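See below for the structure under consideration.
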Amino acid sequence: MSRKSVGKFLFASVLMISGAALPATAQSFRVQCPTSTITHPDATTAQSVNSSEPAYTAPTTFSLGANGYMVPTANVNGAIKCQQISGGDGYSTMANGTQTFMFSFGPLSGLADIAAGLPGTEFPNVFNTVYGGTFMPGDPANSDGWSTDPTVATSRTLSGFTFNGAVGLAPDSDCVAANAAAPAGTPSSQLPCPNLPAGGLDGHVDPRQIMDIGVMNGNIPAPLMAIDEDDEFFLTLSNVGMIMRPDLFEQHTVHFHGYPNASSFYDGVPDASVAINIGGSFTYYYLAPDAGTYFWHCHITPPEHLQMGMVGQIYVRPRQNRTPIGTSLLASLQKQQGDPRTACLTVSLAAPVNSDILCTNPLPADNGILPGQSSATVAALDTLGTSANNPDNGQPVKYAYNDGDGLTAYNVEYPLQIHGFDPNFHFVGMTFNPEAFAEMKDKFFLLNGRSYPDTITPGPLTTESSDGRSHFSQPLPSIINIPAGGKALLRISDLSVTEYSTLASLGIPMHVVGYNAKLLRDQEGNNTDYYTNSITLAGGESLDVILDASNPVYQKGQIYYLFTPQLDHLSNDQENFGGLMTEVHIN
């Protein structure tokens, strides 16, 4: 089933378009990652089963298909990406040693990438792979390749664990056997499991593996997600239950906070969509039309579940990243006006055009040339970061938004999720006492789930949970490494429930280029970006900030600090150890 509207193509029942076979036996846990869809059919793309990002040369063109919905006919852009997460509980460890109980999400795909501080979002050819070994509870924290020797804390590696596929994915043996037993010559449409993919992978999972990895495996922040404009994103949430609170039959959802053009059915608000019960799975579907930094959280009793740790970050990378070398950024942005989802429609009395939205990608008023630039092409900006004090930088240039003039160019990016919580509320949440919502006050303040000095500890932090196993509780460090002569993009988001939070940068000014997933540019094309030494965010806000170390004054080996000037936010409910602070290294 699909719906179409002017300029937008939202497919409402994605479970119908994947071509997955029906199971031969009932099972509550399922996972979904199709290799082709209506928007990304194999027949119209040169990609390898939609598992790579094509260069952006022109917008996708659509025409009315035989079944009454729009289908792509040329220039198929984007790809298919998938991710699987668990909803449950777990523990995290604060910089002062306090072990804290959480309601939380955990990774069920991209385990090696998550442990390495990367998004767990994968292409179908990676996601749809079966694990060749035997999962142990708490993996990959308990894998042989991970050193738990505290004397080598600064050189830990995950070399022994590289699996990034979907946990639990397994051939549907019932379907394979049923089809094999059908009489010879039976048409595929009449088989017990019609259209069963090669290898028998139809979304069937081994629930034992999901429980071994998902139980007590909560992360703070929740698993990182990243997609590109034009992608179709399939996100499966499996509710594994909360071991420490078996009396709570808690449902969970995924709500993409501030995400544009979201279908209400997949918006995660239980009143208007669905909620996932314990022992069940649900696949959310998103079409990525607008670049920017967003966040996601559970929308079941949000003040409680956000306070308890069910918050994470997702960002959407712009088409401009896929602009071929040597192409004018302005010309590439002009081509995007041919895509009705992101077109900047001109409204005037002389030539009225119906438009019900503000332009998301205004063309720059300076015709794509920033002051001091001779041209704004990918080739010209590709030298960003190479300088006399760093001639061998080698860092590729990417962009935070489709700017058309290189305003948002950077070399490296770091997601920073600000969060805070009340330890008393968490303790009560682990017991059977009523929670005092009105008295809730954050006393622990976190960057990516950690307080200083844990923010600069490389690699994932491990916490032993009540199951006696180690788990990667806080996989995402916050240390910022900028190549000398280069720029770092900080994707800063705040999902604190009770407090405003401030971050200051002394020595390297903050160049703010985006706010709440929107490029700072007015509808006339004038850039409204600005420089500052501190930013303040409330819960539910995000900023895109660039730290520019291209000036020769910034030399290799220098260390700067990103910290909060709010002194009560620089401790973990006591003196010393903690708060919103991390280090910025020029290297």
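Side chains are part of it too, since the values below use all heavy atoms of this structure and drop only hydrogens, waters and symmetry mates. Source: prediction; values computed, not measured.
- Between the side chain of Tyr286 and the main chain of Tyr266, a donor-acceptor pair closer than 3.5 Å is present.
- At a threshold of 4.5 Å between non-hydrogen side-chain atoms, the residues Asp228 and Lys81 count as touching.
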* Given the rule in the side chain to side chain donor-acceptor pair (under 3.5 Å) test, do Glu232 and Thr37 qualify, once you have shown the distances and angles that lead to the verdict? -> CA-CA 9 Å; Glu232 290 183 272; Thr37 65; 2.4 Å; yes

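- For the atom pair CD of Gln83 and CG of Asp113, the computed distance is 9.5 Å after rounding to the nearest 0.5 Å.
- Residues that satisfy the side-chain hydrogen bond (donor to acceptor under 3.5 Å, both in side chains) test with Arg469, not counting sequence neighbours, are absent from this structure.
- With Gln313 contributing its side chain and Arg491 its backbone, the two residues share a donor-acceptor pair below 3.5 Å.
- Proximity of a side-chain donor or acceptor of Gln417 to a complementary backbone N or O of Pro221 within less than 3.5 Å is not detected.
- Not one N or O on the side chain of Asp231 forms a donor-acceptor pair closer than 3.5 Å with the backbone of Ile227.
- Here the CG atom belonging to Leu503 is positioned 9.0 Å from the CG atom belonging to Asp494, to the nearest 0.5 angstrom.
- Within the 6.0 Å centre-distance limit, the rings of His297 and His257 are counted as a close aromatic pair.
- Remark: side-chain polar atoms of Asn219 are paired, donor with acceptor, to backbone N or O of Phe472 under 3.5 angstrom.
- In this structure, Arg245 pairs ionically with Asp247, as a charged nitrogen and a carboxylate oxygen lie closer than 4.0 Å.
- With rounding to the nearest 0.5 angstrom, the CZ atom of Phe233 is 12.5 Å from the CD1 atom of Ile80.
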* Asked: Going through the distances and angles, do Phe445 and Phe421 end up as a ring pair (Phe, Tyr, Trp, His ring centres under 6.0 Å)?
  -> CA-CA 7 Å; Phe445 300 92; Phe421 63 81; 9.1 Å; no

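- Aromatic pair Tyr259/Trp296: ring centres not closer than 6.0 Å.
- In this structure, Asp568 does not pair ionically with Lys443, as no charged nitrogen and carboxylate oxygen lie closer than 4.0 Å.
- Between His252 and His305, the ring planes lie tilted relative to each other; the angle falls in the 30° to 60° range.
- Between the side chain of Asn128 and the backbone N or O of Cys33, at least one donor-acceptor pair lies under 3.5 Å.
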* Asked: Going through the distances and angles, do Phe127 and Phe123 end up as a ring pair (Phe, Tyr, Trp, His ring centres under 6.0 Å)?
  -> CA-CA 6 Å; Phe127 187 90; Phe123 289 110; over 10 Å; no

* **CA sep, side-chain torsions, deciding dist, call: Met308, Met242, side chain to side chain contact (heavy atoms under 4.5 Å, CB included)** => CA-CA 12 Å; Met308 294 298 292; Met242 295 193 293; over 6 Å; no

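- In this structure, the side chain of Ser496 engages the main chain of Gly420 through a donor-acceptor pair within 3.5 Å.
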* **side chain to side chain donor-acceptor pair (under 3.5 Å) between Asn217 and His471, worked out** => CA-CA 6 Å; Asn217 197 44; His471 298 259; 3.2 Å; yes

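- The existence of a salt bridge linking Arg317 and Glu229 is excluded, since no basic side-chain nitrogen approaches an acidic carboxylate oxygen closer than 4.0 Å.
- No side-chain donor-acceptor contact under 3.5 Å links Ser465 to the backbone of Asp467.
- Of the possible polar contacts, none joining the Ser238 side chain to the Ser86 backbone as a donor-acceptor pair under 3.5 Å is found.
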* To do: Kindly determine whether Thr463 and Ser473 satisfy side chain to side chain donor-acceptor pair (under 3.5 Å), including the steps that lead there.
  => CA-CA 6 Å; Thr463 299; Ser473 55; 2.8 Å; yes

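- Taking 4.0 Å as the cut-off between side-chain N and carboxylate O, Lys441 and Glu499 count as a salt-bridged pair.
- Thr253 OG1 to Ile300 CD1: the interatomic distance, rounded to the nearest 0.5 Å, is 5.0 Å.
- Atom OG1 of Thr455 is separated from atom CD1 of Ile479 by 8.0 Å, given to the nearest 0.5 angstrom.
- Looking at Asn142, its side chain does come within 3.5 Å of a backbone N or O of Pro137 through a donor-acceptor pair.
- Note that CE of Met244 and OH of Tyr91 are 3.5 Å apart. Values are rounded to the nearest 0.5 Å.
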* To do: Could you check Tyr294 against Phe256 for ring pair (Phe, Tyr, Trp, His ring centres under 6.0 Å), going step by step and ending with a plain yes or no?
  => CA-CA 7 Å; Tyr294 305 90; Phe256 279 10; 8.1 Å; no

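- The side-chain hydrogen bond (donor to acceptor under 3.5 Å, both in side chains) check on Thr100 picks up nothing, with sequence neighbours excluded.
- Residue Phe427 places its CZ atom among 12 or fewer non-hydrogen atoms of other residues, nucleotides or ligands, all under 6.0 Å distant.
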